[in-house]
Amino acid sequence: MFYVKEKRSGNGALAGGQFESDAICAHMVGFLEKGSKQFFLRLIQEPADSRDKELTRNTPVMFQNPLFAFPAAVLAVVAAPSAPAQLPGASTNTIPSFAQITDQSQLSFRQAEWNYGTDTSWQRWWALERERFIDLRQVARRGADQAETEIVGGAWASRVEDTNAPTRAQKEYLIHPGLMRLKEEVRDLDVQSEALIALGRVSMLEESSVQMLREYLCAPSQDLVQSAVLSLGLLGDEITWSPLRSLMTDDANGRWLTESQAGVPTTTRVWAALATGIGISQWEESARAQATAALLKVAQEATSHPELQSAAVIALGMTPPTEGSKVFDSLLGMMTDKSLNQSVRAVVPTAFARSAEGNAARTQIAREELLRQLTSRNAATVRQGAIRALALVPETDLEAEPLAVAALTKLARKARTPEERHFAALSLAETAAQTKNIKQIEKIAGELVKQLKDRSSEHAGWAALALGVIGYEQPLWGGTSKVRAERALLKHLVDGNAEEMRGACAIAMGLIGQTSAAPALMEILEDDGRPSLRGHAAVALGLIGHQDAETGLLQQLASSAHRPALLEQTTIGLALLGSDELHGRLLCMLAPTEGPLPTQAEVAAASRGIALIGNARTAPFLISAMDDDKLTHKSRAFAARALGYLADADSTPWQLRMTRGLHHLAVPNSVLDWESGNGVLDRR
């Protein structure tokens, strides 16, 4: 059922019905007011390619409402002539009825069991940056048109037409109304939160969406407030800058929006700063300049709120650099300010390095300062941040590169903390991936091969993954050096004892594309006692394109319903192999047509899988799942999450704008919280 709300009168009516022909739209004419009737008759008689323009330019108020949906070609909504009725939980105005939300607790399904290893494990870095290497969106939408400059400098996502993604018509007439309908009908916190975030991802009807999201900023649940704030950033429209600025700076309007005369809660301010960073690359120049200045002011002055300062710094790192910007010089000052809170200083190097992009003089200064930070007496987290950031600064001359390689090599062998060693190995690989000096590539690869034998299996895992990064990103790497690395990785994959080390070798072999590892990886699938290793083997088999693995992976998929992490990784492997059966199996797992309802673990895993591999054909199924009141609220919330990911307006996952070079062990919990799953990056 569709809930139709007429803006001018505020009356609501139940309406329903789906049609496949434009001619049937005429049945609706008799129920429409006179002015809208003339418009509608003219609209359905026009060619389909002119309708979108007409809808966005001259649509009467009634049809502009996001809850009123009718399609250009495949869907029509017939309004019932009966007396107005009201859906449960919906009000005659636009104010959400927070009192009717059934559950005010934190979102429990985000705390499902996902195995990301220990704090210093390579698996946590891989979980955050996996999309750099595995673009499942492109896999699911083979043949889609993409712009050549989809990512500028690896960070700034653009919005381009993707022919196998949901179309604008699907988003405007099916997906957006479906999410709004779910939000109105189901007063469950999980459903509300996921619907809000999904609406931000879809990025349709921005003005009405902003108005709706503003009304959630005073919700009694902090989770709802955070979801609304994040959605404002995901919308990617500069009209969101006004409320985000008020929230971040705690001005009078921000206090009014949150109904908090004592001040906007610090957590809300933190999320507003991060949401600004997420959306800023999509805004016009004037709004971008204002936002950059505001972020810079918060980063410098919010000394009593270190978490807010850190969020502002991270957001500055997502701001596309400009010639006249003061960001670089200001961050340079923060780099050397020892009075600055340690947790804030730890995230400055990444933002500092990214602010130098595109400017040779700044790049040279950034490299020299980061190298100086490596040997300073700073706190360990600050040095670790500098190590991660060093790889973001490309080579500028023949002398700079050997200095960085020598410093990182020394740290990878021996450093004051394990994290510095791990990050140094990774930064070595990322440096090798950018250089054109073949001798330097071979030197770095040889050093990492030696570190595969390190006494610490944890560090050996990082070295293995680093070799995979070189193999994936550096086309110049080859010859004897590469053969030696592949043989060493295969030996440790087969003979190694530490499961985490073997998993890293599996991923590395997959990234390199070494088909000789297929027999060993297939054997791992038979080891039921090592689910984490089996998951990594599944991804690796998909990366190398070993088609003979499909049968075994489908069996693993069927048996891993209660193991979300294993099911997700098996899904990735099958998607990379182009399995024809994968899509249907996941859909049945999310919303079975018969038999018992799926468990929460099954729904969590299936929805993540669908989100990763879905295409335009998946959208109607997910909408049906959201409308199915026989499913649990959690299942419907997961369907909303998958639908939002599927219809995301960004051509690349938005979190990559934040994670590139990020010191993920030093960020505040509002950015990433592995335990509760309630950080911004946990909503990925």
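One N or O on the side chain of Asp682 and one on the backbone of Asp673 form a donor-acceptor pair closer than 3.5 Å. One N or O on the side chain of Arg269 and one on the backbone of Met248 form a donor-acceptor pair closer than 3.5 Å. Between the Ser231 side chain and the Leu199 main chain, no donor and acceptor come within less than 3.5 Å of each other. Ser242 contributes no side-chain N or O that, together with a main-chain N or O of Ile239, makes up a donor-acceptor pair within less than 3.5 Å. Not one N or O on the side chain of Gln434 forms a donor-acceptor pair closer than 3.5 Å with the backbone of Val393. Between the side chain of Ser427 and the backbone N or O of Ile387, at least one donor-acceptor pair lies under 3.5 Å. Using a distance-only test at 3.5 Å, with no hydrogens or angles considered, no donor-acceptor pair links the side chain of Arg388 to the main chain of His663. Side chain of Ser325 to main chain of Pro321: no donor-acceptor pair is present (N/O by atom type, distance under 3.5 Å, no hydrogens or angles).
Between Arg130 and Val539 there is no side-chain heavy-atom pair separated by less than 4.5 Å. Considering only heavy atoms from C-beta on, Thr240 comes within 4.5 Å of Trp283 through its side chain. When side chains are defined from C-beta on, Thr319 does not count as touching Val327, because their heavy atoms never get closer than 4.5 Å. Pro243 places a side-chain heavy atom less than 4.5 Å from the side chain of Leu257. Looking at heavy atoms from C-beta onward, Tyr216 lies out of side-chain contact with Val229 at the 4.5 angstrom threshold. The side-chain heavy atoms of Trp125 and His664, taken from C-beta on, include a pair separated by under 4.5 Å. When side chains are defined from C-beta on, Leu390 does not count as touching Thr431, because their heavy atoms never get closer than 4.5 Å. Side-chain contact check for Pro349 versus Leu370: some heavy-atom pair is nearer than 4.5 Å.
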Under 3.5 Å, sequence neighbours excluded: what are the donor-acceptor pairs made by side chains of residues 457-464?
unit_1	atom_1	unit_2	atom_2	d
Glu458	OE1	Thr120	OG1	3.0
Glu458	OE1	His422	NE2	3.0
Glu458	OE2	Thr118	OG1	3.4
Glu458	OE2	Thr120	OG1	2.7
His459	ND1	His422	ND1	3.1
His459	NE2	Ala412	O	3.4
His459	NE2	Gln451	OE1	2.6
Trp462	NE1	Thr120	O	2.9

Below 3.5 Å, can you tabulate the donor-acceptor pairs from side chains in residues 290-299 to any protein atom, sequence neighbours excluded?
unit_1	atom_1	unit_2	atom_2	d
Gln290	OE1	Trp241	NE1	3.3
Gln290	OE1	Arg245	NH1	3.3
Thr292	OG1	Arg288	O	2.8

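A salt bridge does not link Lys183 with Glu215: every distance from a Lys NZ or Arg NE/NH1/NH2 to an Asp or Glu carboxylate oxygen is 4.0 Å or more. Comment: Arg132 engages Glu430 in a salt bridge, judged by a side-chain N to carboxylate O separation of less than 4.0 angstrom. Remark: Arg362 does not engage Glu357 in a salt bridge, criterion side-chain N to carboxylate O under 4.0 Å.
In this model, no donor atom of one side chain and acceptor atom of the other lie less than 3.5 Å apart for Gln192 and Ser227. In this structure, a donor-acceptor pair under 3.5 Å is absent between the side chains of Glu207 and Gln211. Looking only at atom types and distance, the side chain of Gln373 has a donor-acceptor partner in the side chain of Glu369 under 3.5 Å away. Counted by atom type alone, Glu420 and Thr417 present one or more donor-acceptor pairs between their side chains at under 3.5 Å. Judged purely by distance below 3.5 Å, without hydrogens or angles, the side chains of Gln226 and Thr267 never pair a donor atom with an acceptor atom. Side-chain contact annotation: Ser221 with Asp223, donor-acceptor N/O pair under 3.5 Å absent.
Here side-chain hydrogen bond (donor to acceptor under 3.5 Å, both in side chains) pairs that include residues 300-315, with residues two or more places apart or in two chains, are Gln300-Ser330, Glu307-Ser670.
Residues satisfying the salt bridge (charged side-chain N to carboxylate O under 4.0 Å, His left out) criterion with Arg124, sequence neighbours excluded, are Asp119. Taking Arg421 as the reference, Asp454 meet the salt bridge (charged side-chain N to carboxylate O under 4.0 Å, His left out) condition, with sequence neighbours excluded. By the salt bridge (charged side-chain N to carboxylate O under 4.0 Å, His left out) test, Arg416 pairs with no residue at all, sequence neighbours left out.
Below 30°, between 30° and 60°, or above 60°: for Phe133 and Trp126 the angle between ring planes is below 30°, a parallel geometry.
What you find for Phe352 and Ala366 is that their closest heavy atoms are CE2-CA, 3.6 Å.
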